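Quick notes on the structure that follows.
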Amino acid sequence: MPTETVYGLAANALSGEAVAKIFAAKGRPQDNPLIVHIADFAEIYGLCPAVPEMAECLAEAFWPGPLTMIVPKGDRIPDEVSCGLDTVGVRLPSHPIARALIRESGVPLAAPSANTSGRPSTTTAAHVLRDMDGRIAAILDGGPCGVGVESTVVSLVGARPRLLRPGGVTLEQLETVLVEVEVDRALYEKIGDDVKVSAPGMKYRHYAPKAPVTVVCGDPQKAAEYIQNRADSSTGVLCFDEYRESFPTCTVKCFGSRFDLAAQAREVFDALRAFDETDVTKIYAQCPPDEGLGLAVANRIKKAAGFVVVDIK
Ligand code: AMP
Ligand code: MG
């Protein structure tokens, strides 16, 4: 189903058997829990035995929209959804087709991004077809997704609210409602296999094209020069629109103006995916600073690179 963030692979969140098919279609690791999508706020009371007051404040401010809240899990949610955790992620999407599908189904829908596990998320029906053809029953084509990066995931089960994944709702927006938000270090750095992370999904290589990616952070002009000095005809470059003509010998994919973070969020997965239709053997990427939506865009690019990051001073 289309949502305002990315396309989701949806199944009845109350059926372990249905949910198991999501894991099979994606090849998703069994310890990476799913987000449950609802169509009306009141449905959260049926999924969560004790809804934190903070959840009501956040819902008031950001639902329907690209925010997932981690709350205590009630018995109706099968272990297949939460992967054995005693919490569950809940989101009320704003996309009219997603909400109509949830209402018509009469049940909440568990839905991760509709990509093969490890690949960039899907923001068009064509992306979904590329990954899921033959593995799923149908695609509802709602056109390209408006936000383009996944939901922000915030945990409300600890002493303080904690940002587990940056997304369509920015940290700065969250801070207008929450006095203090802790930020999980997995947002910025690679997490070792032995470390227990709060959002299991954050430890996996994700969003990655087939060719290895190096992120070049810092001033975009200097980043462009750094890349030019290392590029050859087998190099792919993920760059801001302003630098389209700067790498004439390379395969160039642009992901929006350096000044337009919303465009970058909308276009980043399509651009990353496009490299897989080429024969580039390495990819360099420009990257926005960690501000506003830039935090989510930069996180996706760095994850695509397995956190291989060069900081240009
Ligand atoms: P996806 O739906 O593929 O965008 O991934 C959902 C993200 O939410 C993953 O990073 C999960 O690890 C995270 N997530 C889902 N449920 C929980 C939960 N109960 N606790 C912590 N993180 C969760
Ligand atoms: Mg995903």
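Not measured: the values here are computed from a predicted model. Note that ligands are numbered from 1 as they come in the structure, with each ligand's atoms numbered from 1 the same way. Starting from 1, each residue takes its place in the sequence as its number.
For the residues Pro112, Pro33, Ser82, the heavy atom positioned nearest atom 17 (C) of ligand 1 is part of Pro33. Of the candidates Ile22, Val149, Thr87, Leu34, Thr87 brings a heavy atom nearest to atom 19 (N) of ligand 1. When the options Arg28, Glu150, His37 are ranked by their closest heavy atom to atom 3 (O) of ligand 1, first place goes to Arg28. Of the candidates Arg91, Arg162, His206, Arg165, the one placing a heavy atom closest to atom 1 (P) of ligand 1 is Arg165.
One finds a salt bridge joining Glu4 and Arg91 here, because a Lys/Arg side-chain nitrogen approaches an Asp/Glu carboxylate oxygen to under 4.0 Å.
Tyr284 and Val216 make their closest contact through CD2-CG2, 4.1 Å (heavy atoms, listed as atom of the first residue, atom of the second, distance).
Without hydrogens or angle criteria, Arg135 side chain to Lys26 main chain gives no donor-acceptor distance under 3.5 Å. A donor-acceptor pair is defined here as one N or O able to donate and one able to accept, closer than 3.5 Å; no such pair exists between the side chain of Glu182 and the backbone of Pro161. Judged by distance alone, with hydrogens and angles left aside, the side-chain atoms of Asn299 form no donor-acceptor pair with the main-chain N or O of Leu295 at under 3.5 Å.
For Val88, every heavy-atom contact with ligand 1 shorter than 4.0 Å involves the backbone, none the side chain. Residue contacts with ligand 1 for Ile70 involve side-chain atoms from C-beta outward but no N, CA, C or O (heavy atoms, distance under 4.0 Å).
Near Asn32, meaning under 4.0 Å from any of its heavy atoms, are these atoms of ligand 1: 9 (C), 11 (C), 12 (O). Every atom of ligand 1 is numbered from 1 in the order shown, and the set under 4.0 Å from a heavy atom of Ser113 is 1 (P), 2 (O), 3 (O).
With 2.8 Å as the limit, Ser113 counts as an N, O or S neighbour of the Mg ion (ligand 2).
When the options Ile136, Leu129, Asp131 are evaluated for a side chain to side chain contact (heavy atoms under 4.5 Å, CB included) with Asp133, the one that passes is Leu129.
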message: Checking Ser234 against Thr281 for the side-chain hydrogen bond (donor to acceptor under 3.5 Å, both in side chains) test, could you report, in this order, the C-alpha distance in whole Å, the side-chain angles of both residues, the deciding distance, and whether it holds?
response: CA-CA 6 Å; Ser234 64; Thr281 56; 3.2 Å; yes
